[in-house]
Amino acid sequence: MPAPRARRILVTSALPYANGHIHLGHLVEYIQTDIFVRFQKLRGHRAVYLCADDTHGTAIMIRARAEGRSERELVASMREAHLADFAGFEVEFDHYGSTDSDANRRLCGEVWRALRARGLVTSRDVRQLFDPVAGVFLADRFVRGGCPKCGASDQYGDSCERCGATYGPADLVDPRSTLSGATPEVRSAEHLFVTIEALHDFLDHWTREAGALDPRVANYLAGHFLGEPLRDWDVSRPAPYFGFEIPDAPGHYWYVWFDAPVGYLAATDEWCAQHGESFDTWWRRAAAADAPAEIHHFIGKDITYFHTLFWPAMLEAAGLALPTKVRIHGFLTVDGQKMSKSRGTFLLARTYLDHLDPAALRYYYASKLSGGIDDIDLNLEEFAAKVNADLVGKVVNLASRTARWLEHTGLAADYPDDGGLFARAAGEGAEIAAAYEACDFARAMRTIMLAADRANAYVDAEQPWRLAKAGTGSAARLRDVATVALNLFRQLAVYLAPVLPRLAAQAGELVGGPIASWEESQAPLVGAAVGPFVPLMQRVEPKQIEAMLAASRESAAATPSGGTAVEADIGPPNTDSGAPLAAEPLAPTCTIDDFSRVDLRVARILSAEEVPEARKLLKLTVGLGGDSTRTVFAGIKGFHDPAALVGRLVVVVANLAPRQMKFGLSEGMVVAASGAGAEGVYLLSPDAGALPGMRLH
RNA sequence: GGCAGCGUAGCUCAGUUGGUUAGAGCACCGGCUUCAUAAGCCGGGUGUCGCCGGUUCAAGUCCGGCCGCUGCUACCA
C-alpha cells in the first residue's frame, strides 16, 4: 500500500454553547470528530482539530443575570467545565478558543467589512415585544399568555398547545414576559441584514457541485431555500446584548450566529500564532491556492443551514476558503426516547464519567456512527453487551489469554506461519481506512471485530494451554502461537487507536512500544520484549449504569422545574457570589452537643403528592429503612415534580417534634437550601452509596 | 402549525445501480473448551422487509396513498 501523500486537514466541531454543560448528545459529535482527527494523524496527515466555546447571545445574558454575576464570569467557569468534560472523554483539541476573544472580534470585523464592501448589508426596522422591566427584547418563547382563539391560559407566544392555533406574540391575551412577569410592549428597532440573495447563484453551484455536501442535503437546500429568492439574514441585535458591538453601527451587536462560525477562523488564528503557522495558508484563497488545505466541519443536523448557506456565503464574500466537507450527524436518543430528565436519561458528560469508562462510550458511538444524518440510539442494555462482548471478550481477551506465555521470552524471532491471518487483516486495512475516511465508523468496527473473531478462533484451535502443559518439547510451538495472537492483538489495537487511544497506548506498553502509525498494522513484530499483562479494560456492570441513572435522576430532580437549569457548582469556588450568605448571616455559635440534639438522617422518598389546597406543600412519605416510614409535609411545591421525587434520597430532621398542620400531621422535616431572595428550593442528596437510616455526623 | 427522516429477526442495525433460498451482532437453545477479566469456539429456529395499491420478467430496493415513530423548526431559514 503506497503511503498516501500528506494532506493538511483543518477539522472543527460545532462550538458548544456556554449556556450549559456537555451531555452525551453533544459527545456524539465531539467523539465522532475526535476519532476522525486521530485517524488522520495516525495516517500521517497534518490534521488540526479546532473548537471553541460559543459565548454570546441573549440566553447567556439572561442566565448570567439570574446567577447574579457577569457574563464573562459565567463563560469562564463554563469553559473550565467544558474542557474538563472533553478531557475526560479523551477528546483532544489542538486548540480550544472562545468566540469572546480579540481574534474573533477582529475577524468578525474583517468579514463584516467585506460584506459592506460588496454592498450586501442593509437595514430596516423590526417590530418585536420588549420587556420593560428586564430591558430586553423577547423571543417568542419568552412570552406567555392566553390563547386568542380558545382562551387557554399560559400559552407560548407563537401557538397554542391546546387548540393548535398559531398567532404572533402580540396577539396573546394578557401577555407576560417569562423573564420578569411584566407586560411586554411592542417596540420597533433597527436591525441590519445581509442580502444573501446576491450570492444565490454561488450557493446554487456550491451546494450541488463542490462535493462538500451529501446529495440529500443539497436536495433539501435546493427544495427549501434555493428554489426561491433567499430572504435577508438578520445579523444584528439591538442593545442590550452580550456580544460584539458592530464597529460601524453603534448600539448594534452581531447576532450570535454571525460571530459563532467566525470562531472557527479565530481558533485557527490563535493556533497559528502559537505554532508559528500562517493563518493565510489555511484560509486565504490567494495564499492557499497552490497547496490548499482541506476544511471539514462536523455539525448536527439542526444547524445545517447556518453551515451550508450563511457560512459559505460569508466566506465567499470575504474571499476565504470554502469548506471541503460539511459532515452532518443526527441526534442521540437514550433507550429509544428523547433524553429525559425525569427518567434520568438526560445524561451529563460528568455524570457518565463518575460511573463509567469513557472508552466504552467512544467504542459504542463508533459502532453506531455510519456517517449519515440518522439519529443514533444509546440502548443501555446493548451498550453494556457490546462493550463487554467486543472489547473485553474479544479484543482485550486476546492479549489476556496469551501474553503471559511470552512474559519471559518475548516474541519469537521469526514470524510464524499463522495461516495467513495477519496478512488477511493487514489487507483489510485499506477497507477499514476507507470506512474511517467516510466516517462510516460502524463499518470499520464490524470489519475489525470480524478480524478479532478469527484471532480468537485461532487461539482456540491451537490450544496454547495444552502446549504449556506438554512441557519443554512444545515451548517453541507455544511461543509461536502466542506470538501470532499477540501480533493480531496489536494489529487490532492499531486499527482501534482512533477510537480507543488509551487501549492503544496500553497495547504499546505490553508489546512493541507506542503506536504511532497506521502502517504498524501492516507488518508483524518479532523478537520484541513483552511486558507483564495488566487488565486493559473493565467490563460494564449493570450496577454502574443503574447508579449513573440514579445520580442523573437526582441531579435533575434538584433542578428547579421550569426555567433554565442553574447549577451552582460549575466554576472555581472563589467565583461564587457572596449574596446568599450576606442575605442570611450565620447563626450564633453552637456546641457539638447542641448539634447532636438534631438527628439528621438519610431517607428515601417513597411517595409524593400535591396538596391541592396548599400553596407550597407537597405531602411526602419517606422511609428510614426497614418498616420505618413517616409522613412529612415539605414546602417545595412548584419547584419539584412529585413524580420525579419518588425514589430519591434526601436528608430529614428525624427527631423533630410532630406538628399538626391543616392538611395532616407532619412527622419531620426535609432539609433544603433556599434564600437570598432567589427563587428555588434545593433538596440535598447524599453521595451514591448512602442508605436510608444513616445518620449525619 | 411548517419541514425532514425513519419503519427489515425479541433488541440494535447492514442490505451497494431493482436480480437466486434477505444478512450481522446481541439475546435464546444445544454441544465443545477451560489459557483468559464467568472470557473463547462450533452448530441452530430466528422475518407478512409498517399497511394498501401500482410499474416490472423480477420490488426490502422504484412510484402513489395510508398508518405509526422520531427529529428539527416556530427571534423564521
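Values below: every heavy atom of this structure, side chains too, minus hydrogens, waters and symmetry copies. Every chain is numbered from 1 and lettered A, B, ... according to where its sequence line falls, protein lines coming before strand lines. Everything numeric here is computed off the predicted structure, so don't read it as measured data.
Whole-Å rounding puts the A/E407 CD to B/rA36 C1' distance at 14 Å. Atom pair A/L450:CG and B/rA14:P shows a separation of 16 Å (rounding to whole Å applied). Atom pair A/L378:CG and B/rC13:P shows a separation of 11 Å (rounding to whole Å applied). Following rounding to the nearest Å, A/K386 (NZ) and B/rC11 (P) show an atom-to-atom distance of 15 Å. Counting to the nearest Å, the P atom of B/rC26 and the CG atom of A/L380 are 19 Å from each other. Separating the CG atom of A/D377 from the P atom of B/rG71 is a distance of 11 Å, rounded to the nearest angstrom. As rounded to whole Å, 18 Å separates atom C1' of B/rC6 from atom NE2 of A/H329. One interatomic measurement links the two molecules: CD1 of A/I328 to P of B/rC72, which rounds to 15 Å at whole-angstrom precision.
Closest to the side chain of A/W465, from the set B/rC72, B/rC11, B/rU34, is B/rU34. With B/rU33, B/rA14, B/rG25 as the choices, the nucleotide that has an atom nearest any side-chain atom of A/E382 turns out to be B/rG25. With B/rU37, B/rU34, B/rC41 as the candidates, the nucleotide lying closest to the side chain of A/S400 is B/rU37. For A/K394, the side-chain atoms get nearest to B/rG40 when compared with the rest of B/rU37, B/rG40, B/rC35. Comparing B/rC13, B/rC35, B/rA14 against the side chain of A/K469 picks out B/rC35 as the nearest. With B/rC41, B/rU37, B/rC26 as the candidates, the nucleotide lying closest to the side chain of A/A389 is B/rC26. When the nucleotides B/rC35, B/rU37, B/rC41 are ranked by their closest atom to the side chain of A/R401, B/rC35 comes out on top. Among the nucleotides B/rA14, B/rC75, B/rU37, the one closest to the side chain of A/R539 is B/rU37. Residue A/W405 places its side chain closer to B/rC35 than to any other of B/rA36, B/rC35, B/rU37. Listed candidates were B/rC75, B/rU37, B/rA39. Nearest to the side chain of A/N397 is B/rA39.
Atom name P, nucleotides B/rC49 and B/rA39: the rounded distance is 36 Å, in whole Å. Rounded to whole Å, the separation between the C1' atoms of B/rU21 and B/rG60 comes to 16 Å. Atom P of B/rA27 sits at a distance of 38 Å from the matching atom of B/rC63, rounded to the whole Å. For the C1' atoms, the distance from B/rG31 to B/rC67 is 45 Å, rounded to whole Å. Comparing the same atom, C1', in B/rC52 and in B/rC42 gives a spacing of 44 Å after rounding to whole Å. Distance noted for atom C1' between B/rG1 and B/rC13: 33 Å (whole Å). Rounded to whole Å, the C1' atom of B/rU55 lies 23 Å from the corresponding atom of B/rG15. For the C1' atom pair drawn from B/rU46 and B/rA4, the interatomic distance equals 34 Å after rounding to whole Å.
In this structure a side-chain-to-backbone donor-acceptor pair under 3.5 Å is present from A/R362 to A/V499.
Under the 4.0 Å criterion applied to side-chain N and carboxylate O atoms, A/R502 and A/D357 are assigned as salt-bridge partners.
Residue contacts for A/P464: at a heavy-atom cut-off of 4.0 Å it reaches no nucleic acid atom on any strand shown. Residue-level contact check: A/V126 touches neither bases nor backbone, having no heavy atom under 4.0 Å from any strand. Contact annotation for A/K301: backbone-only contact, meaning every heavy-atom pair under 4.0 Å involves sugar-phosphate atoms and none involves a base. The residue A/M537 sits close to a base: some heavy atom pair falls under 4.0 Å. Among the protein residues, A/D453 comes within range of the sugar-phosphate backbone only, with heavy atoms under 4.0 Å from sugar or phosphate atoms but none that close to a base.
In this structure, A/F441 and A/Y436 have tilted ring planes: the angle between them lies in the 30° to 60° band. Ring planes of A/W254 and A/F258: parallel class, angle under 30° (limits at 30 and 60°). Using the six-membered ring where Trp is involved, A/H307 and A/W257 have ring planes that are perpendicular, over 60° apart on the 30 and 60° scheme. Taking the six-membered ring where tryptophan is involved, the planes of A/Y30 and A/H26 are tilted, since the angle between them lies from 30° to 60°.
With a cut-off of 3.5 Å on both pairing distances, the Watson-Crick or G-U wobble partner of B/rG25 is B/rC11. In this structure B/rG60 sits in no base pair that meets the Watson-Crick or G-U test at under 3.5 Å. With a cut-off of 3.5 Å on both Watson-Crick or G-U wobble distances, the partner of B/rG5 is given as B/rC69. A 3.5 Å limit on both hydrogen-bonding distances identifies no Watson-Crick or G-U partner for B/rC75. Base pairing of B/rU20: no nucleotide in any strand meets the Watson-Crick or G-U wobble criterion (both distances under 3.5 Å).
The aromatic ring centres of A/Y264 and A/H297 sit less than 6.0 Å apart.
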| For A/D390 and A/R446, what are the C-alpha separation, side-chain angles and deciding distance, and is it a salt bridge (Lys or Arg N to Asp or Glu O under 4.0 Å)? | CA-CA 10 Å; A/D390 291 357; A/R446 276 198 301 275; over 6 Å; no
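Comparing A/I196 and A/G393, the nucleotide of RNA chain B nearest to each residue sits closer to the 5' end for A/G393. Position along RNA chain B of the nearest nucleotide to A/F137 versus A/Y364 favours A/Y364 as the more 5'-ward residue.
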